Amino acid sequence: MSINVLVVGSGAMAKEYLKVLKALNAPVTVVGRSASGAEAFERDTGHVALSGGLEANLEALNIASFSHCIVTTNVTQLYGNVCSLLEAGAKKILVEKPFVLDQQQLDNAYRLANDRSADVFIAYNRRFFSSVIKAREIIEADGGLEMVKFDFTEWAHVIEGLEKDAHEKARWLLANSTHVIDLAFHFAGTPKVLTAYRTGTLDWHPSAKVFSGAGISQQDVLFSYGSDWGSAGRWWLELFTPLRKLRLCPMEKLLETRKGTVVEQDIILDDAVEKEFKPGLFRQTENFLSTNTGDLCGLSELQQKFPYFCEIAGYSTHA
């Protein structure tokens, strides 16, 4: 089947995907929800977007005619749109993170995708940063990874004022912080042992405010983390090999401290594509459109990691 892409959503992420898809010469159809959103999309991109939402356009679109579907809608709409696409015959779907906010949604989607022989991938685009790709190369050359440390601190004073769904905010670690946690586990491997501690609460995030924990992955890589959403900080990730410490902070950059020194220095990256497109998005989309999907997060992988995300956050796995 030739490539023919459906993008569901007409907001900021849909515009970023359109830039990439045009560069890859992929035919694109865009469907948004509101007429005003569709008009803004066409005004900003020059590309027509259908309005009315996915459900209203399902029959006319003939979903089975699309080789690939990308879902970029609001967090609370991701699960419903993916299920609608699967039921309508979609076979290959890329959905923005976190895709689901509870285990039941994930279980339902997993069964539905298996029943329909379809593939669903979650768009953790940081896996495709130039810094991450270079870090993988260095880790392999150095003889492997020994330890990972990370921080997924969120700015509570900013998030509190965001106009977001209350349930999305109450599960903000899934909705946003998993960008960092997924990447840490992408390097270290899925945990086999995790000890998680939490203290405090926030009005919009009652499960916890401060997070700390450690564990060991199925690849026997040690990991630890600490995040205080009520204090100061930012996302970062540190990777320890026998020869050096690598640090991603911000994650688009890669710094190293070599063994026996205390000097931290930048590693030059081949990141020209990230100056033209949203970081990670070009390579992620390129992989999705190809048969080379090994670095994408599929539903089986999310099934393994989701309980650990919830344990770190202090969430019940079910809403």
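In this text, all values refer to a predicted model and were calculated from it rather than measured experimentally.
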Closest approach of [X] and [Y], non-hydrogen atoms and distance?
X: L255; Y: C249; value: CD1-O, 3.8 Å
X: P279; Y: F129; value: O-CE1, 3.2 Å
X: A118; Y: A90; value: CB-O, 3.5 Å
X: Y308; Y: P191; value: OH-O, 3.2 Å
X: L145; Y: F240; value: CD1-O, 3.5 Å
X: I312; Y: A196; value: CA-CB, 4.2 Å

Spell out, as yes or no, whether a donor-acceptor pair under 3.5 Å connects the side chain of [X] to the backbone of [Y].
X: K305; Y: I181; answer: no
X: T293; Y: L296; answer: no
X: T153; Y: R234; answer: no
X: T72; Y: V8; answer: yes
X: R171; Y: L101; answer: yes
X: K97; Y: A175; answer: yes
X: N81; Y: Q77; answer: yes
X: D220; Y: I216; answer: no
X: D102; Y: Q105; answer: yes
X: K91; Y: S67; answer: no

Carboxylate-amine/guanidinium proximity below 4.0 Å for [X] and [Y]:
X: K209; Y: D228; value: no
X: D271; Y: K275; value: yes
X: D182; Y: R126; value: no
X: E140; Y: R136; value: no
X: E286; Y: R283; value: no
X: K253; Y: D266; value: yes
X: D142; Y: R244; value: yes

If only side-chain N and O atoms count, and only distance matters, is there a donor-acceptor pair under 3.5 Å linking [Y] with [X]?
X: S290; Y: N292; result: no
X: T76; Y: D165; result: no
X: S131; Y: E252; result: no
X: Q103; Y: Q303; result: yes
X: D270; Y: S130; result: no
X: Y79; Y: Q104; result: no
X: Y124; Y: E301; result: no
X: T257; Y: R247; result: no
X: T241; Y: E146; result: no

Verify the neighbour count for atom CZ of R127: are there more than 12 heavy atoms of other residues, nucleotides or ligands below 6.0 Å? yes
Counting only heavy atoms from other residues, nucleotides and ligands, does the tally under 6.0 Å from CG of L162 exceed 12? yes
Under 30°, 30 to 60°, or over 60°: which ring-plane class applies to [X] and [Y], parallel, tilted or perpendicular?
X: H47; Y: F41; value: perpendicular
X: F152; Y: F150; value: tilted
X: W235; Y: H179; value: tilted
X: F288; Y: F121; value: perpendicular

Hey, mind stepping through F223 and F185 against ring pair (Phe, Tyr, Trp, His ring centres under 6.0 Å) and telling me if it holds? CA-CA 9 Å; F223 63 86; F185 292 164; 5.3 Å; yes
Do K149 and Y225 form a cation-pi contact, if we require the NZ or CZ to be under 6.0 Å from the six-membered ring centre and within 45 degrees of the ring's axis? no
Could you walk me through whether F99 and L299 pass the side chain to side chain contact (heavy atoms under 4.5 Å, CB included) check? CA-CA 10 Å; F99 175 37; L299 289 186; 3.7 Å; yes
So [Y] and [X], do their side chains get closer than 4.5 Å, heavy atoms only?
X: V180; Y: D151; value: no
X: N114; Y: Y110; value: yes
X: M13; Y: K278; value: yes
X: I133; Y: L269; value: no

